[in-house]
Amino acid sequence: MSPEPVRLVRVSAGTSALDALHEAGIEASGPAGAIAVRDRASRELRDLSWVPDAGADVEIVAPASPEGLSILRHSTAHVMAQAVQELFPGTLLGIGPPIENGFYYDFLPSRPFTPDDLVAIEKKMAEIIKSGQRFARRPIDDDAARAELAHEKFKLELVGLKGNASEGKSRPDEFPDEASVEVEVGAGAGAGALSMYDNLDAKTGERVWTDLCRGPHLPSTRRIPAFKLMRTAAAYWRGSEKNEQLQRIYGTAWASRDDLKAYLQQLEEAAKRDHRKLGIELDLFSFPDELGSGLAVFHPKGGVLRKEMEDYSRAKHVEAGYEFVNTPHITKAQLYEISGHLDWYADGMFPPMHLDAEYGPDGELRKPGQDYYLKPMNCPMHCLIYRSRGRSYRELPLRLFEFGSVYRYEKSGVVHGLTRVRGMTQDDAHIYCTAEQVRDELRSLLSFVLGLLRDYGLDDFYLELSTKDPGKYIGSDELWQTATDTLATVATESGLELVPDPGGATFYGPKISVQARDAIGRTWQLSTIQLDFNLPERFELEYQGADGERHRPVMIHRALFGSIERFVGVLTEHYGGAFPAWLSPVQVAGIPISDEQVDYLRGVAELLRAQGIRVEIDDSAERMQKKIRSAQRSKVPFMLIAGASDVGAGAVSFRYRDGGQRNGVPIEQAVAEIVDTVVRRVNSSPTAALYPHE
RNA sequence: GCCGCCUUAGCUCAGUCGGUAGAGCACCUCACUCGUAAUGAGGUUGUCCGGAGUUCGAUUCUCCGAGGCGGCUCCA
């Protein structure tokens, strides 16, 4: 989307923005028209019906612009709420903001919505849209709003919150961003002013519906070109599980039918890439019920993926000076008391096993037992390795690496495929260094991480800097400030976009996370790099400096893939199951034209296997067309087809994923090409187009 | 954990207003030996997620539990 040039219009005092547009000869309706304006001076968005007190320059907000879409979606949310209240009288309103790609509205109905209800609501919305109701802004003072909204307890609460906010009594975290579409909070022009938006009948001008809202809105419901209700869900009022649970309806709205269609197609494309679906189709992994939620088993083909990923990662870590360690899956509680994890994350850990208690004949306790926990984090164990003997400054930075299995008791409603599991393998490293080394270490670490991710085919990144959560941290403010500044400097030096994430840090230190965009533009949080001055303190880690004194090392936590399981999921979705040749579970499918060529192909397969290539010969009783179809569906990068003429020429024929083919390639050359593609870890799918001169 | 929906063959799904069930693909057998996305014919496959209840009878109804999906909250 290329940014449209800003179009300016002068609105004189006492004239509506819409009239000014007409005078300027600008068509308001249509995709290139205006659905709202932005006042240049105040930067506030205004309705087209806005009449400024003094003359104003306004920018035109087009329907398909980001702001235009937000307004369109917000107005569609209003239409939905109106439809819901008409169909289900007595349903209370929560909030209804625009969100990325759509909108939602929260309701408190007498019973939850059903899929049939959605169909009915959608139909009612279509009627409202067709009737061309006008959105009209009506300023209102707090007391009048309280009186008018007496029956809407949630709206009433928003009015109250607004009052507090404008008087500076409310902390920002009590007021969700999304609620600001209803009432204005904070500083700035118009802060604290309330307004109602009335929906007026097109013919009679009679008020049909009204909602507390700051606006702006479309001039008319007719300006909603395309919308669709997507799903229902529950959501807590004001985002807290302590509050009442409301019923949310999600919808989407677009500036044209084609845009809606394109969006729905994009969703379909994402569904096709879903790693849970591909995991079954490609026989990669499964989640047996017998194991429990969020616990995956990897089948041989998924096992190949993991092994290739891990092997390459290991090799790169060796090159980068890491040392490999191993730690157990279970430990006494003491470890996580020292580290502090039990204070913060006990809810997220599997409950303890109480062992070794002894009782006398009368049942009295003779020896108190001990709690053992399944390991949720590797870092404390790595600290013990560091502490196992005296350390010298000469061995720093000490880089300890482990594919460490951890178990976390994720709440039942959150486990999701391979991306949110209860048992996973972190590619976890902890680097211990001196304060002076931190900056260089972070710098090289970040480039190591990005380089490795690129090797796996991800190359579109941005960084996020998560800083201290005032309600959840340990350590001094000075340490946090130093750590945050260092991370910010290194992140900025990388040249990548840096997005702040205030309050997003873990209790023991700030972090940079690497966000990667996949092939269809979705972002995944992958690597995290955390700076930690606290665990070295808690574990009393020391090293002997050149000065002969004992010093405390700084610790850097780093997960690169995040977890192996999750990374398998991410790569599966990124590649849509069509993995690069080096990662493909089966790299070559041998397809004989008839049974006559099976032995010939077996010979070729032996040559490939000798070079470490994974080959399968399809010697089933099917016709070769069917074999090609099967191989195609299993997304094998190379199909090697052999018929009588190939045998005669000592050759094979290639077919690639894109359907391209190259016939009569001499065996030696074919083997060399395949091996080359695999050894060089080429991430793009092999294709005949790479050989244009044949 | 909360709310809603869902669970039938290895996979994707149909069906039974309560009388123990079907399709396509996969798989197996036979015939065909074929040049770039489905050869034909025949065949096998189910505790209808688990437990309890109601009933002459439950895959179907009720309750409890498990697992999945979509959200919310959470995510070291």
Side-chain angles (χ1 to χ4, degrees), chain A residues 104 106 111-115 117-118 230-250 274 276-277 280-281 283 286-295 336 339-349 375-380 406 408-417 419-422 426 428 472 504-509 511 525 528 530 532 535 557 559 562 566 591-598 620-633 639-646 653-657 659-664 688:
Chain A
Y104 66 78
D106 288 343
R111 58 152 177 87
F113 298 111
T114 66
D117 293 340
L118 280 200
M230 305 301 284
R231 59 177 60 99
T232 58
Y236 299 107
W237 168 239
R238 290 175 59 207
S240 167
E241 61 184 335
K242 293 186 190 77
N243 292 340
E244 200 161 356
Q245 200 161 50
L246 306 180
Q247 296 298 315
R248 176 173 294 182
I249 302 177
Y250 284 95
D274 191 317
R276 295 166 300 184
K277 177 172 134 67
I280 296 168
E281 283 175 13
D283 196 15
S286 58
F287 294 89
D289 283 2
E290 293 81 348
L291 297 188
S293 192
L295 298 166
Y336 294 109
S339 71
H341 284 100
L342 267 174
D343 293 339
W344 301 95
Y345 294 110
D347 286 350
M349 291 165 66
K375 173 170 72 172
M377 276 303 271
N378 299 301
C379 39
V406 298
R408 296 178 180 177
Y409 183 70
E410 301 285 3
K411 288 192 279 187
S412 64
V414 308
V415 295
H416 180 93
T419 57
R420 194 81 182 268
V421 292
R422 285 180 169 172
Q426 293 184 315
D428 209 1
K472 192 176 175 182
T506 310
F507 71 92
Y508 52 77
K511 75 173 177 207
Q525 179 183 312
T528 56
Q530 277 174 273
D532 181 358
L535 279 188
H557 302 244
R566 183 160 179 278
I591 299 175
I593 301 272
S594 76
D595 286 352
E596 306 292 310
Q597 292 87 35
V598 170
S620 68
E622 299 294 341
R623 296 174 67 210
M624 59 87 71
Q625 283 87 344
K626 179 61 180 298
K627 295 182 181 184
I628 286 170
R629 180 180 151 88
S630 306
Q632 197 82 43
R633 281 161 49 118
M639 278 173 239
L640 283 189
I641 298 170
S645 56
D646 292 302
S653 295
F654 275 106
R655 180 188 161 101
Y656 302 98
R657 281 175 180 144
Q661 53 179 291
R662 285 162 63 228
N663 298 324

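Proteins get letters first, then strands, A, B, ... in listed order; numbering begins at 1 in each. Because the structure is predicted, anything quoted here is derived from the model rather than measured.
Screening Lys375(A), Met349(A), Met377(A) for a side-chain contact (heavy atoms from CB on, under 4.5 Å) with Val406(A), the sole residue that qualifies is Lys375(A).
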What are the atom names and distances for every N/O pair under 3.5 Å that joins the protein to nucleotides 45-51 of chain B?
none

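Among residues two or more places apart in sequence or in another chain, the side-chain hydrogen bond (donor to acceptor under 3.5 Å, both in side chains) test is passed with Arg655(A) by Gln632(A). Qualifying salt bridge (charged side-chain N to carboxylate O under 4.0 Å, His left out) partners for Glu241(A), counting only residues two or more places apart in sequence or in other chains: none. Looking at residues two or more places apart in sequence or on another chain, you find no side-chain contact (heavy atoms from CB on, under 4.5 Å) involving Ile280(A). Here Trp344(A) pairs with Lys472(A), Ile474(A), Phe507(A) under the side-chain contact (heavy atoms from CB on, under 4.5 Å) rule; sequence neighbours left out. Looking at residues two or more places apart in sequence or on another chain, you find a ring pair (Phe, Tyr, Trp, His ring centres under 6.0 Å) between Tyr250(A) and Tyr104(A). Partners of Asp289(A) under the salt bridge (charged side-chain N to carboxylate O under 4.0 Å, His left out) rule, at least two apart in sequence or in another chain, do not exist in this structure. Shown here are the side-chain contact (heavy atoms from CB on, under 4.5 Å) partners of Ala688(A), two or more places apart in sequence or in another chain: Tyr656(A), Arg662(A). With sequence neighbours excluded, the residues satisfying ring pair (Phe, Tyr, Trp, His ring centres under 6.0 Å) with Tyr336(A) are His341(A).
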- Message: Strictly under 4.0 angstrom, non-hydrogen atoms only: write out the protein contact profile of nucleotides 71-76 of chain B, one letter per nucleotide from the 5' end, B, S or -.
- Response: BBBBBB

- Query: What is the per-nucleotide protein-contact pattern of nucleotides 31-42 of chain B, from the 5' end, where B denotes a base atom under 4.0 Å from a protein heavy atom, S denotes such proximity for sugar-phosphate atoms only, and - denotes neither?
  - Reply: --BBBBBBB---

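The gap from the P atom of C48(B) to that of A9(B) amounts to 9 Å, rounded to the nearest Å. Spacing between G71(B) and G65(B) at atom C1', rounded to whole Å, works out to 23 Å. Look at the P atom in both A41(B) and C25(B): the space between them is 11 Å, to the nearest Å. Separation of the C1' atoms belonging to A58(B) and C27(B) is 32 Å when rounded to the nearest angstrom. Between G19(B) and U59(B), the distance separating the two C1' atoms is 12 Å to the nearest Å. Across the P atoms, U45(B) and G57(B) are found 29 Å apart, a figure rounded to whole Å. Going from the P atom of C72(B) to that of C13(B) covers 24 Å, rounded to whole Å. Nucleotides G10(B) and G46(B), compared at atom P, are 8 Å apart to the nearest Å.
Where Thr114(A) and Asp274(A) each meet RNA chain B at their nearest nucleotide, the meeting point lying more 5' is that of Thr114(A).
To the nearest angstrom, C1' of C3(B) lies 17 Å from CH2 of Trp237(A). A straight line from CG of Leu295(A) to C1' of A66(B) spans 14 Å, rounded to a whole angstrom. Atoms CD1 (Ile249(A)) and C1' (G70(B)) sit 14 Å apart, rounded to a whole Å. In this structure, CG of Leu118(A) is placed 12 Å from P of C5(B), rounded to the nearest angstrom.
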- Please, what dot-bracket string fits RNA chain B when only Watson-Crick and G-U pairs with both distances under 3.5 Å count, crossing ones use [ ] and pairs to another strand use |? (((((((..((((.....[..)))).(((((.......))))).....(((((..]....))))))))))))....

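OP1 or OP2 of C69(B) lies within a sub-4.0 Å distance of a side-chain N or O belonging to Arg276(A).
With Arg422(A) contributing its side chain and Leu295(A) its backbone, the two residues share no donor-acceptor pair below 3.5 Å. For Thr506(A) (side chain) and Gly509(A) (main-chain N/O), no donor-acceptor pair under 3.5 Å exists by modelled atom type.
For the pair Lys627(A) and Ile641(A), the minimum side-chain heavy-atom distance is 4.5 Å or more. With contacts defined as side-chain heavy-atom distances shorter than 4.5 Å, the pair Asp117(A)/Arg111(A) qualifies.
For Asn378(A) and Gln426(A), the side-chain atoms include at least one donor-acceptor pair closer than 3.5 Å.
The heavy-atom pair separating Gln597(A) from Ala644(A) by the smallest distance is NE2-N, 3.5 Å.
Contact annotation for Glu281(A): no contact, since no heavy-atom pair falls under 4.0 Å across all strands.
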